[in-house]
Trainee: 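Before anything else, here's the structure in question.
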2 protein chains.
Amino acid sequence: MSDTDILLRRIKERKGGSMKSTIHDVAKAAGVSMKTVSRVLNHEPNVADKTRETVLAAAAELRYSPSLAARSLASSKSYLIALLYDNPSPNYIANIQKGATQACRERGYHLVAEPLEIAGPLGAIEGDLSIDVERALERLPVDGAILTPPLCDNGSVIHALQRLKIPYVPVAPSASHGRVAIVQMDDVKASKEMVQYLISLGHKKIAFIKGDPHHSATPRRFEGFREAMRKAELEIRPDYVQSGDYHFRSGIAAAEALLQLADPPTAIFASNDDMAAGVISVANRLGVSVPDSLSVGGFDDTPLARILWPQLTTVRQPIEGLGFEAAKILITKDSQDETVRTLEHDLIVRGSTGPCLA
Amino acid sequence: MSDTDILLRRIKERKGGSMKSTIHDVAKAAGVSMKTVSRVLNHEPNVADKTRETVLAAAAELRYSPSLAARSLASSKSYLIALLYDNPSPNYIANIQKGATQACRERGYHLVAEPLEIAGPLGAIEGDLSIDVERALERLPVDGAILTPPLCDNGSVIHALQRLKIPYVPVAPSASHGRVAIVQMDDVKASKEMVQYLISLGHKKIAFIKGDPHHSATPRRFEGFREAMRKAELEIRPDYVQSGDYHFRSGIAAAEALLQLADPPTAIFASNDDMAAGVISVANRLGVSVPDSLSVGGFDDTPLARILWPQLTTVRQPIEGLGFEAAKILITKDSQDETVRTLEHDLIVRGSTGPCLA
DNA sequence: AACCTTTATGACAGCGCTGTCAAACTTTAT
DNA sequence: ATAAAGTTTGACAGCGCTGTCATAAAGGTT
C-alpha cells in the first residue's frame, strides 16, 4: 500500500510539477499525526508550542493549503458566506461586497454573490423570493448570509433563511430582528449633523426632500432633520418639506416646487445624492447660484457627488465597513445574539453649501 | 450497523423535523444503488428511462439536494466560478456579476466574488497581485475564473491562473489570449455606428474625446470614429481630437478646449458617459444649447446618462450578456478553445443629439 | 508513593458523493 | 444458435479532512 502510494506520488510529481500536498504529507514531514496537523491549522488548543512550530514549518515548506471541500464535508462547515441582494444601487452592493470579502479573506472564508430578483419595474413579486433563496442556498450550505436592504426587511427571505437554519445578519434593517445581530449606521444622527451644519452656516429657511417611504432610512433621515430644527428652535414649514422617491426626477420636481415659492428656502437638504443632483440641476437652470443663493446637501456620497458642479456636500455612509462587520459577525459567531453594531458616518463638506447670504 | 444507522436517523428526524436527505436515502426509496442515483442526477448516459423516472420521483419526494462539498471532494470539481475584478466601475461589475450568476444558477453553479486590489490612487502595484490571486484561490479550487478588464490584461494574474491550472475567460481583453476563449463586444463597430448616426444628422464638424490610453477599448473606440469619418470622406481635424482619461474632469477640460476653438465642432463624441457629462456641463455653463447648437454622444449607458439634462445619446454595452457568456463557457467546457463570442451592443438615442442646424 | 487531574497526541471511522471496474442483461451480427 | 458488442446496474474504495475517543505524558495533591 505504502509503496503504491509513494509510486503514485512520484508519478504525479513527474508530470505535474508541484502537486498540491495533503495533510497526510505535512504530517509525515513533521513527524506527527494528521490530527495534530489539523489541530495546529485550526488553532485548536492543547498543542505544544514546539509541535506547532514544526508543523507550521512543514506546512510552509510544502506550500500546503487545505481543501475546502474536504474540510466542509468533514466538519459540515462550508467556509462560505452568501451575500444576498436585490438591486438598489450597484455602488452600494459593490462596497458591501468589498468589505465583506475583506473580512472573509482574513479568515479563509469566501463570499458567494446571490443576486435575487425581488422587484420588477412595477413592484415586488414577493411570492417567488423564498423559493429563489432556497434554490440558491440549499445545495450550497453557506455558514451565513448577509442581507442588504431592501431584502433585510423581506419576510419571505427571512423565513427561508430560518427554515434552512442559516444564520444571517441584516444590514441596516428597518426594524429590530429579534435576537439577531445587525449592523447599521445612524441615519438620524447623520441627518441631524447635516442640518446642524447648515444651521451653523446661518441658514434658517431650510427645506427637506424626503425619499421613498418604503425605504427604512426615509423616516430616520427626516427625523434627524426634525430634531436638528427643533433643537435650534427653527420652524419646519410644511411647504418646505417635499416628498421624493430617491430618484433624480423627484429631486427635480421637488426643487421646482421649492424654488418657485414666494419665499424660497436658502438651503435644501435632499435625503440622497440623486435628488440633490436634481436640485442642483434645477438651480442651475433657473439661474439660482449654488452655493451663493442656495446651499444644497445630499446623502450617500455616491460617485455622482463629485461629478456635480459645484461638488456636493453630503454624508458618507460606512458601507464598506457595514459589509466587513456583517461578514465578521457571521464568521466569529461569538457576538451572535442581539448585537447591534452601529458604524460611524462622515459629513463630507464640498462646494454646494456655503454661508447664508440672505 | 444498519440498526444503529436507522436509529440515528430516527433520532435526527425526531428532533430536527425534516433533515436533509442523502443519496443513500434516495437510493433506498427508489430501490436502486447509490451509483444509479448519482448517474441520474448528473445526467450521465446509460440509464433506463423507467429507472430515471423512479429516481427522480424519489428525489423530489425526499426534497433531496446534493451536497456540494461531498460532490466536489469526490469529483474534484467545485461547482464554483470565481469572478476576479479590480474596481473600475461598480456598475460594470454589478452587471457582469448579474449575468454570471444567472448562468451559474441555471446549472447549479455558484459565483464567488474576488475583488483584487490592483491599483491604488497612484497606479498599479503589480507585484502582489499574483500572490493575491493565489491566496484567494488555492484553497478554493474553483472550476473557472472570469476576468474583467483591466485584470484580463494583467500578466501576473494570468500567470497565477495558469500556474493553478484554473481555466479562465477574459472579458473584453485587449489582445488575443492564445488558445483561450474570450467574450467581448465590438467597440470599433459601436463607435462607428455612433459617428455614422451623428453624420446622418447632418454633422460634419465632429470632435472626439479619447479615453485613458491604458484601457484596451480606447484605441478601438477611436478607430471606429476614424473609420466612420473616412467612409463619409470627412476630415479628421487634429484640434478636434482631444485626450481624456474616462473621468468627468477630463471631459470638462476637453470640452472647454473644443468649445473655445475659433471654429468649434457641432458634435462631440466623448468615448464614455462620464466625459460626455463633462461636455454637457461645460456646454450648459457656456450657454451652448444641447442639442440645438451642439450634439453630444457618450458610451456605456451608465445610470448617469439618464440623469443628465438633456439625456444622453450613448452606446449600451451588453455587459450582463458578457458575464453570462463567460460563465457559460467556463461551465460547459466544450467550446473552450479559441472561441470568440462577440455580443451585440445598442445605440441608445436620447435627447443630447439632434440635427445639425449650422 | 499513590492518586487524580490536566495536557498532548494518535488511531480510526466516516462526512456524502463519484470513479473504477465488473457483473448482469439486452441486442445485433454471424 | 452462438459469439460479439452494447446497455444498464451495483459493489466498493476513497476523495482529504475532522470528530470522537483512547492513550500517553506531565503536573499537583495528599
Side-chain angles (χ1 to χ4, degrees), chain A residues 1-2 4-5 8-9 12 19-55 58-59 62-79 108 138-141 143, chain B residues 1-2 4-5 8-9 12 19-55 58-59 62-79 108 138-141 143:
Chain A
M1 270 302 166
S2 172
T4 316
D5 220 321
L8 275 174
R9 203 156 300 280
K12 281 180 187 172
M19 279 313 279
K20 61 188 179 238
S21 44
T22 72
I23 264 205
H24 185 228
D25 301 324
V26 178
K28 268 201 300 194
V32 297
S33 74
M34 282 167 57
K35 180 64 210 185
T36 299
V37 176
S38 170
R39 269 192 273 259
V40 172
L41 265 27
N42 291 293
H43 308 102
E44 284 175 31
N46 298 338
V47 178
D49 290 348
K50 207 177 119 193
T51 312
R52 186 188 320 280
E53 280 168 31
T54 319
V55 170
L62 274 68
R63 304 197 84 261
Y64 169 75
S65 91
S67 146
L68 259 189
R71 231 148 126 116
S72 68
L73 182 56
S75 66
S76 55
K77 287 178 56 183
S78 65
Y79 297 88
E138 69 186 352
R139 293 172 172 229
L140 230 220
D143 292 341
Chain B
M1 270 304 165
S2 175
T4 317
D5 219 320
L8 275 174
R9 203 157 298 280
K12 280 181 187 171
M19 280 310 281
K20 61 186 180 241
S21 44
T22 71
I23 264 204
H24 186 227
D25 301 324
V26 178
K28 268 201 300 196
V32 297
S33 74
M34 284 166 56
K35 180 63 212 185
T36 299
V37 176
S38 170
R39 268 191 274 257
V40 172
L41 266 26
N42 290 293
H43 307 102
E44 283 177 30
N46 298 339
V47 178
D49 289 348
K50 206 178 119 195
T51 311
R52 186 190 318 281
E53 280 168 31
T54 319
V55 170
L62 274 69
R63 303 196 84 264
Y64 169 75
S65 91
S67 146
L68 258 186
R71 229 149 127 115
S72 69
L73 181 57
S75 66
S76 54
K77 288 179 56 183
S78 63
Y79 297 87
E138 69 186 352
R139 295 173 171 226
L140 229 220
D143 291 340

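Chain naming here is simple, since letters A, B, ... match the order of the sequence lines and numbering starts at 1 in each.
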Trainee: Between C1' on C:dA8 and CD on A:E53, what's the gap in Å once rounded to a whole number?
Mentor: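 It is 16 Å, rounded to the nearest whole Å.
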Trainee: Using a heavy-atom cut-off of under 4.0 Å over every strand shown, decide if A:S72 touches base, sugar-phosphate, or nothing.
Mentor: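 Nothing: the residue A:S72, judged by heavy atoms under 4.0 Å, touches no strand.
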Trainee: Whole-Å distance between D:dC17 C1' and A:L68 CG?
Mentor: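 Checked: the CG to C1' distance equals 11 Å.
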Trainee: Could you state the atom-to-atom distance from CG of A:L73 to C1' of D:dG14 in whole Å?
Mentor: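 After rounding, the gap between these two atoms is 12 Å.
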Trainee: When you get a sec, tell me which of D:dC17, D:dG19, C:dG16 is the closest nucleotide to the side chain of B:A70?
Mentor: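 Nearest to the side chain of B:A70 among the choices is C:dG16.
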Trainee: Name the nucleic acid region contacted by A:P45, choosing base, sugar-phosphate or nothing; use a 4.0 angstrom heavy-atom cut-off, strictly under.
Mentor: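 A:P45: no heavy atom of the nucleic acid under 4.0 Å.
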Trainee: Please name the pair of heavy atoms, one in A:R52 and one in A:E44, separated by the smallest distance, quoted to 0.1 Å.
Mentor: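 For A:R52 versus A:E44, the nearest heavy atoms are NH1-O, 4.4 Å.
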Trainee: Distance criterion of 3.5 Å, no angle test: do you see the side chain of B:R39 paired donor-to-acceptor with the base of C:dG19?
Mentor: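 Under the 3.5 Å cut-off, the side chain and the base do not form any donor-acceptor pair.
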Trainee: Which residue, A:A69 or A:E44, contacts DNA chain D at a nucleotide closer to its 5' end, judged by nearest heavy atom?
Mentor: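 Checking each residue's closest nucleotide, the 5'-ward one belongs to A:A69.
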Trainee: Please assess A:R71 against A:N42 for the test side-chain contact (heavy atoms from CB on, under 4.5 Å), listing each intermediate value before the final yes or no.
Mentor: CA-CA 11 Å; A:R71 231 148 126 116; A:N42 291 293; 3.7 Å; yes
Trainee: Do the side-chain N or O atoms of B:S38 get closer than 4.0 angstrom to the phosphate oxygens (OP1, OP2) of C:dT18?
Mentor: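 Yes, B:S38 has a side-chain N/O under 4.0 Å of OP1/OP2 on C:dT18.
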Trainee: B:L41 CG to C:dT18 C1': how many Å, rounded?
Mentor: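 It works out to 12 Å between those atoms.
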Trainee: I want to check one thing: is the phosphate of C:dG10, taken as OP1 and OP2, less than 4.0 Å away from some side-chain N or O of A:T36?
Mentor: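 The answer is yes; a side-chain N or O of A:T36 sits under 4.0 Å from OP1 or OP2.
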Trainee: Which residue in the set B:V26, B:V40, B:T51, B:T54 passes side-chain contact (heavy atoms from CB on, under 4.5 Å) when paired with B:V32?
Mentor: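 The side-chain contact (heavy atoms from CB on, under 4.5 Å) with B:V32 is passed solely by B:T51 among B:V26, B:V40, B:T51, B:T54.
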Trainee: Among C:dG10, C:dC17, C:dT9, which nucleotide has an atom closest to any side-chain atom of A:K35?
Mentor: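 Per side-chain heavy atoms of A:K35, the pick is C:dG10.
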Trainee: Looking at A:S67, I'd like to know whether one of its side-chain N or O atoms comes within less than 4.0 Å of OP1 or OP2 on D:dG16.
Mentor: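 Answer no for this pair, as no side-chain N or O of A:S67 is under 4.0 Å from OP1 or OP2.
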Trainee: Regarding B:S76, tell me which of base, sugar-phosphate or nothing describes its non-hydrogen contacts under 4.0 Å with the strands shown.
Mentor: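 Answer is nothing: B:S76 stays at 4.0 Å or more from every strand.
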Trainee: Could you tell me how far apart A:M34 (CE) and C:dG14 (P) are, to the nearest whole angstrom?
Mentor: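 My rounded result for the distance is 15 Å.
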Trainee: Please give, in whole Å, the distance from C:dC17 P to B:K28 NZ?
Mentor: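 Atom-to-atom, B:K28 to C:dC17, this comes out as 14 Å.
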Trainee: In whole Å, I'd like the distance from the CG atom of B:N46 to the P atom of C:dA22.
Mentor: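 So the two atoms are 17 Å apart, to the nearest Å.
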Trainee: Can you see if the side chain of B:Y64 gets near the phosphate of C:dC17 - specifically, an N or O under 4.0 Å from OP1 or OP2?
Mentor: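 It does, given that an N or O in the side chain of B:Y64 lies less than 4.0 Å from OP1 or OP2 of C:dC17.
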Trainee: Begin from the C-alpha positions of B:S78 and B:L140 and carry the test side-chain contact (heavy atoms from CB on, under 4.5 Å) through to its verdict.
Mentor: CA-CA 8 Å; B:S78 63; B:L140 229 220; 5.9 Å; no
Trainee: Could you give the NE2-to-C1' distance, from B:H24 to C:dT18, as a whole number of Å?
Mentor: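 After rounding, the gap between these two atoms is 16 Å.
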Trainee: Which pair of heavy atoms, one from A:S75 and one from A:Y79, lies closest together, and at what distance?
Mentor: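 Closest heavy-atom pair between A:S75 and A:Y79: OG-CE1, 4.4 Å.
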Trainee: Is there a side-chain contact between A:S33 and the phosphate of C:dG10, meaning an N or O under 4.0 Å from OP1 or OP2?
Mentor: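 For C:dG10, OP1 or OP2 has a side-chain N or O of A:S33 closer than 4.0 Å.
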